[in-house]
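FYI, side chains are in, hydrogens and waters are out, and symmetry mates aren't considered; it's all heavy atoms of this structure. Keep in mind the model is a prediction, meaning the values are calculated, not measured.
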Amino acid sequence: MSRFNLSQWAITHRALVLFMILVLGAAGAYSYLNLGRAEDPSFTIKNMIVNVAWPGATATEMQTQVADKIEKKLQELPWLDRVETYSQPGVSFIQVILIDRTPPAKVKDLWYQVRKKVGDIRGDLPAGITGPNFNDEYGDVYSAIYMLTADGLSLADLKARAEDIRQRLLRVPNVNKVDFIGDQPEKIFVEFSHTKLATLGITPQQVFDSVIKQNAVQAGGAVDTSADRVNLRVTGGFTGVNGIRAVPVEANGRVFRLSDIATGKRGYQDPPAFLVRQDGKPALGLGVSMQDGANIITLGEDLRRAMQAIAAELPVGIEVTQIADQPHIVEQSISEFVETFAEALGIVLLVSFISLGWRTGIVVALSVPLVLAIVLALMYTGGVDLHRITLGALIIALGLLVDDAIIAIEMMVVKMEQGFDRARAATFAWNSTAFPMLTGTLVTAAGFLPVGFAKSSAGEYAGGIFWVVGLALLASWLVAVMFTPYLGFKLLPNLAKAHARDNPDAIYDTRIYRTLRRTIEFALRWRRSVVALTVLTFVAAIGGFGFVQQQFFPTSSRTELFLEMRLPEGTAIGVTDATAKKAERLLAGDPDIATYTSYVGQGSPRFWLGLNPVLPNPNFAQIVVVTKNDGSRVPRILVRAGDETVFALGKANFETSFRVGSEWVCCADGHGHQRDPRCGSATFFACSSFQ
């Protein structure tokens, strides 16, 4: 009984194989159009932020009486790497960081444990604290960010418009949530003169007590009628500034209106905690995040249509600027992949046509889209999206997946030249090279095995390389032993020559083969030297690996540039804001800048997975500059102070300082470390861009 031969089965069941090719091609096309698309793979950020406020406390009191107690309790948390805390007067921020190998499936439960453990010691914390508040969505990435500005409208009126826009965006398919960025809380301020209160014999506490009592919510009971229950309510609660002004204040047997002894006015939180400006104008942002597994390109199209409809209905004067457009970035990446695929296919066709002939070249070229169709169908079935990792893996696989098809079709051509008929020649590769090809395929795929099974954040992020490359290589082997013989049987002419049967080895008696044979014989005679040279080359490669640049995220082609300002600790946010405005004046009018957005009091929200937002701090400001193209980041000058260069895009000299007017301004490194001794306590900028 003869052994099973898959290649022989393929050419004896040609109708079924043709049907399979058509079905796989259609499945691949359908999968490509419906695969989820994103800039980066789903990735678990193993950080959580806990913040506690205690108005009136010093930074030392916040650290010793609040933060230290929470830190000690959190040390009991499983999988904990470290806890990082910084405390300021009245507030502490505690960052809980899990170890890198924490299983992603356990992270949500660990964040619940953080809440529970901190809740257990809530009674040990000082009275009067606000919180603790927990942010376990620190890793959320906004797919799109819109900034709203308006001339002549207050931020409160702008927020009312923004709330309407938010509700409409939430109805866009695949939108997970829409958050406000830079929202200014409204407050009502009561201001009084201590001299006047002392003259009337009224203490500030009496004023506070009167306001609290007037606005207290008290149960008034209910009356049941024969049909309904009527709830009784005590009126007098505040409905605005006028209600507060009319509050009666009793002191020493006399009753005053609050407006007689104090003034009440509406305003915003003072001092502000977070300020946002767009191109120098006060702004309110809307951040849109996408549902997991959705197609970000489709989301971008839906958002564009929705925003066009919204913008058409906005009053004159309100402008909407999109400062982050992740769907556009992903669309560019997909286009680059299609271009790379077309170039690779063209190179394969050219080489195959030149070396193998046009019919053989067509067989090899047809194997490439067939392999990709199988891989895309498997990715769609397994829920693997198209993103920078899987696209990179497919580009890597493009250079490997034609090898098996070339071996199979070349074997078929050689055997026909030796006198085999087409059917026998098509099945010969299964007996001679199928299993060596499979071994080589598995060995190549195994090279990516450490990435696929790494129990770390890097493995979670980049593990798709192993799976996609492995699937592509296995699919290429299957195509080579099953579909390539069928295509060769259909497309190649019968090259069998009767005289070749008498001397099958005659085709190897050529100059190229004779040269190859002599080279192999030389290597065998000097085999010890060849082995030693191989070992030395391997050792040199291992040594040279240490000189290869290592980085977790690849270089980004984004057009954003970051300009950061970190003033001395304890600086008031008003001073930081004034410094940011100086930087804005330097940026205004630059022809290479599309938009620039200023964040004062904390960093930009995460609109790219590799961006690590800076936590709230009054002495920090950040300006995100969007250049008109990627080339604008690199050698061209972005900012000038008079005739002197302030910094250059992508090639900033971080060790120099310069003057703006009569004031020294110093460039620093990305960590805020001043490098010029002339800077002293001067204002300094940290100029950086995506890596």
Side-chain angles (χ1 to χ4, degrees), residues 142-166 169 178-185 268-269 272-289 303-304 306-308 310-311 313-329 558-565 573-574 576-608 611 613-614 616 620-628 632-633 638-639 685 689:
Y142 291 122
S143 302
I145 299 179
Y146 302 95
M147 285 293 168
L148 279 70
T149 58
D151 295 328
L153 277 183
S154 65
L155 286 176
D157 295 331
L158 192 60
K159 184 181 178 181
R161 288 289 181 178
E163 184 62 52
D164 294 337
I165 297 174
R166 177 179 178 273
L169 291 179
V178 181
D179 294 329
F180 288 118
I181 301 170
D183 178 25
Q184 296 297 313
Y268 302 100
Q269 177 179 317
F274 183 33
L275 296 170
V276 177
R277 282 190 299 276
Q278 178 62 40
D279 297 332
K281 300 178 182 178
L284 178 62
L286 288 172
V288 182
S289 62
L303 286 175
R304 275 192 287 272
M307 290 305 300
Q308 286 174 358
I310 290 170
E313 300 174 7
L314 289 176
V316 176
I318 296 181
E319 296 182 3
V320 180
T321 305
Q322 185 170 4
I323 62 168
D325 190 359
Q326 201 177 46
H328 178 67
I329 301 296
R558 283 179 168 273
T559 58
E560 289 89 353
L561 181 87
F562 289 88
L563 174 60
E564 297 180 354
M565 291 142 277
I573 193 171
T576 307
D577 187 40
T579 304
K581 288 180 178 178
K582 291 181 181 179
E584 289 173 0
R585 289 194 291 271
L586 295 174
L587 296 170
D590 191 284
D592 288 327
I593 295 178
T595 64
Y596 59 91
T597 309
S598 303
Y599 303 91
V600 181
Q602 68 182 61
S604 161
R606 193 191 301 268
F607 57 87
W608 174 63
L611 176 62
V614 179
F620 179 80
Q622 184 181 69
I623 301 179
V624 180
V625 180
V626 180
T627 58
K628 292 183 179 178
S632 299
R633 283 196 318 171
L638 174 65
V639 178
F685 297 93
S689 63

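Shortest non-hydrogen contact noted between Ile323 and Thr595 is CG2-OG1, 4.2 Å. Residues Thr576 and Ala621 share a closest heavy-atom pair of CG2-CB, 3.7 Å. Nearest heavy-atom pair across Gly603 and Phe274 is O-CZ, 4.3 Å. Among all heavy-atom pairs drawn from Ile573 and Ala273, the shortest one is CD1-O, 3.7 Å. Considering every non-hydrogen atom in both Tyr142 and Pro605, the closest pair reads CE1-CB, 3.6 Å. The two atoms that bring Gln622 and Glu564 nearest to each other are NE2-OE2, 3.1 Å, heavy atoms only.
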Could you go through the side-chain contact (heavy atoms from CB on, under 4.5 Å) check for Val624 and Phe562 one step at a time? CA-CA 5 Å; Val624 180; Phe562 289 88; 3.5 Å; yes
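Using a 4.5 Å cut-off on side-chain heavy atoms (C-beta onward), Asp577 and Arg277 make contact. Within the 4.5 Å cutoff, side-chain heavy atoms of Ile310 are placed close to those of Leu169. Side-chain contact between Pro272 and Gln184 is present, with heavy atoms from C-beta onward closer than 4.5 Å. With contacts defined as side-chain heavy-atom distances shorter than 4.5 Å, the pair Val288/Leu303 qualifies. Between Phe180 and Leu286, some side-chain heavy-atom pair lies under the 4.5 Å cut-off. With contacts defined as side-chain heavy-atom distances shorter than 4.5 Å, the pair Leu148/Leu314 does not qualify. In this structure the side chain of Tyr596 never reaches within 4.5 angstrom of the side chain of Val626, judged on heavy atoms.
Sorted by first and then second residue, the salt bridge (Lys or Arg N to Asp or Glu O under 4.0 Å) pairs with a member in residues 153-162 read Lys159-Asp183; sequence neighbours excluded.
Residues passing the salt bridge (Lys or Arg N to Asp or Glu O under 4.0 Å) test with Glu319: none are found, sequence neighbours excluded. Taking Ala324 as the reference, Ile145, Phe607 meet the side chain to side chain contact (heavy atoms under 4.5 Å, CB included) condition, with sequence neighbours excluded.
A salt bridge links Glu163 to Arg166: one of the charged nitrogens lies within less than 4.0 Å of a carboxylate oxygen.
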